[in-house]
Novice: 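Below is one structure. I have some questions about it.
Per chain, numbering begins at 1; letters A, B, ... match sequence-line order. Here the structure is a predicted model, which means the values were calculated and not measured. These numbers come from the heavy atoms of this one structure, side chains and all, not from hydrogens, waters or symmetry mates.
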2 protein chains.
Amino acid sequence: MLSFTEENYLKSLLQITLENEEKNGAGTNELAAHLKVKPATATDMLKKLKSKKLVDYKKYGKISLTVAGRKYAVEIIRKHRLWETFLYKKLSFTWDEVHEVAEQLEHIQSQKLIDRLDEFLEYPEFDPHGDTIPTAKGELKISFKKTLAEVADGQSCKMVAVKDNSADFLKYVVKVGLGINNNIKVLSKESYDSLLTIEVNGVVSSVSQKFAQNIFVVCPPDTMKPTSKTKKR
Amino acid sequence: MLSFTEENYLKSLLQITLENEEKNGAGTNELAAHLKVKPATATDMLKKLKSKKLVDYKKYGKISLTVAGRKYAVEIIRKHRLWETFLYKKLSFTWDEVHEVAEQLEHIQSQKLIDRLDEFLEYPEFDPHGDTIPTAKGELKISFKKTLAEVADGQSCKMVAVKDNSADFLKYVVKVGLGINNNIKVLSKESYDSLLTIEVNGVVSSVSQKFAQNIFVVCPPDTMKPTSKTKKR
DNA sequence: TATAAATGTTAGAGTAGTCTAACAAATTTT
DNA sequence: AAAATTTGTTAGACTACTCTAACATTTATA
Ligand SMILES: [Mn+2]
Ligand SMILES: [Mn+2]
Ligand SMILES: [Mn+2]
Ligand SMILES: [Mn+2]
């Protein structure tokens, strides 16, 4: 049985590796920043997690999860996303409110609880942010890779998820008139600053590159060749 | 914002005072036993809670909650019982399983969550053990006082709640064929050891005094005079 | 009321998790 | 390849919560 803190370290490590699969492992500073602690603190915890055989770590080396550590981390992500779905679907929370509460709920220890919750929600595949929910067996589908920022001028796509989960960003997304499953047409793209002009539900608006990089999209299959962008894993 | 630990101290203090309202306050050993810590540990925490103005406490004196402390404790009890109700009603947990998980869930910090949960459950009055659920305003009805052990020979009553919330006891209650709202007729009572012979749904069984002291009942109103057993407040 | 028993407090210490400051190793730049 | 920068570790300290052992106070008993 791990502590809240230990669980959060594992979760952060998984999140870091999922966000950038070409990388072989995380760094101490990176992990510390993700958890909002100081690097010295992370070093201490890494020693502890190594002794529990949950992370592969050696001095000055790259950090990665062991198979056991990854499995544990996936379970936490599963709980997080199921709780987010519960709050959204059953308790009418908005998509920008669910994350904060799920950060607490993800640490509740009860296998039965999470199994029953999954059943109660009728085995959802996606959370309110469009992220895939790992199955009870610990299978975590590869997340979406293409962002709105990568869509070519004139092309259409569908919004499937968000990268940034902060309430500020999510509220802004709603304000711009966007949401999961919306169809987006990229009307134009400024070459100077990559400002995008997009059309959603007949409404035209402009979004920054930073914004566009946090919107995951899929493009119609026939529009795209089997892309080499989909990395191994 | 209080820690899990601080919340548990407040909750224990409220539980102790609710269980025995004639007493003016709790003792250090009693509180420590309730929390399964050593008395020295409790003393330390009492100093801290006193400094936060949540308990009235002075060296070697009786311990009681301040108005603010009691309010906080009632909120925790409310969360605990709402979560128990959720697990029981929505996730098909049995009544002996809910308590353990609710011990964790009661510490989740989100006013919106508990309000929405209350609404989702349609403002339940009682938890799966028959205990009253405090309202959003912090009103906590006086619990039942009469136990099966006090019911006279030949008299009938209705089971309304259990005192002991342990899984072992609750499973035993089910095994004996008892449950909330069952009508119980006390057929006889041994004068030597107070062994009770009871009839429930046409089935006759024997229960010990210890068992009977953990079953709360109400007797038909006309059978009882306005009892002086119902203490002030 | 004196003594014994029960109850409660203090002092000192340990663990988990965090920090700052100083240092060491690895990487990048020149 | 040397210097500068970035990255990571160690040492020492602090807080929250817990314990044991010794001591103090209160209550019960003789
Ligand atoms: Mn989230
Ligand atoms: Mn999410
Ligand atoms: Mn309970
Ligand atoms: Mn209960």
Novice: Quickly work out the N29(B) CG to dA28(D) P distance and round it to whole Å.
Specialist: 14 Å
Novice: Can you tell me the distance, in whole Å, between the CG atom of L35(B) and the P atom of dC19(D)?
Specialist: 10 Å
Novice: Whether T28(A) contacts dT9(D) is assessed here as follows: a side-chain N or O lying under 4.0 Å from the phosphate OP1 or OP2. Is that the case?
Specialist: yes
Novice: How would you label the contact of F4(A) with the nucleic acid (heavy atoms, under 4.0 Å): base, sugar-phosphate, or nothing?
Specialist: nothing
Novice: Could you tell me whether the phosphate oxygens of dA16(D), OP1 or OP2, come under 4.0 Å of any side-chain nitrogen or oxygen in Y9(B)?
Specialist: no
Novice: Over how many whole Å does the gap from L46(A) atom CG to dT18(C) atom C1' extend?
Specialist: 14 Å
Novice: For the pair made of CG in D44(B) and P in dG12(C), what is the distance, rounded to whole Å?
Specialist: 14 Å
Novice: Given dA11(C), dT18(C), dC19(C), identify the nucleotide with an atom nearest to the side chain of A40(A).
Specialist: dC19(C)
Novice: Compute whether any side-chain donor of one residue and acceptor of the other, for H34(B) and E30(B), lie under 3.5 angstrom apart.
Specialist: no
Novice: Examine dT10(D): is either OP1 or OP2 under 4.0 Å from a nitrogen or oxygen in the side chain of K47(A)? Give yes or no.
Specialist: yes
Novice: Taking R116(A) first and then E97(B), would you say they form a salt bridge - that is, a charged N and a carboxylate O separated by under 4.0 Å?
Specialist: no
Novice: Map A42(B) and P39(A) onto DNA chain C by nearest heavy atom, then report which one ends up closer to the 5' terminus.
Specialist: A42(B)
Novice: Just how far, in rounded Å, is P of dG8(D) from NZ of K38(A)?
Specialist: 15 Å
Novice: Between P on dA26(C) and NZ on K59(A), what's the gap in Å once rounded to a whole number?
Specialist: 10 Å
Novice: Roughly how many Å is it from CG in L2(B) to C1' in dA16(D), rounded to a whole number?
Specialist: 13 Å
Novice: Should Y60(B) be listed as having a side-chain N or O under 4.0 Å from OP1 or OP2 of dA6(C)?
Specialist: no
Novice: Answer yes if the side chains of T94(A) and D96(A) hold a donor-acceptor pair under 3.5 Å, and no otherwise.
Specialist: yes
Novice: For the pair made of CD1 in I63(A) and P in dT9(D), what is the distance, rounded to whole Å?
Specialist: 7 Å
Novice: Just one of K79(B), R78(B), K11(B) clears the salt bridge (charged side-chain N to carboxylate O under 4.0 Å, His left out) bar with E106(B), so which one?
Specialist: K11(B)
Novice: How close do T28(B) and I63(B) get, counting heavy atoms only, and between which atoms?
Specialist: N-CD1, 3.6 Å
Novice: Classify T41(B) by what it touches in the nucleic acid, base, sugar-phosphate, or nothing, heavy-atom distance under 4.0 Å.
Specialist: base
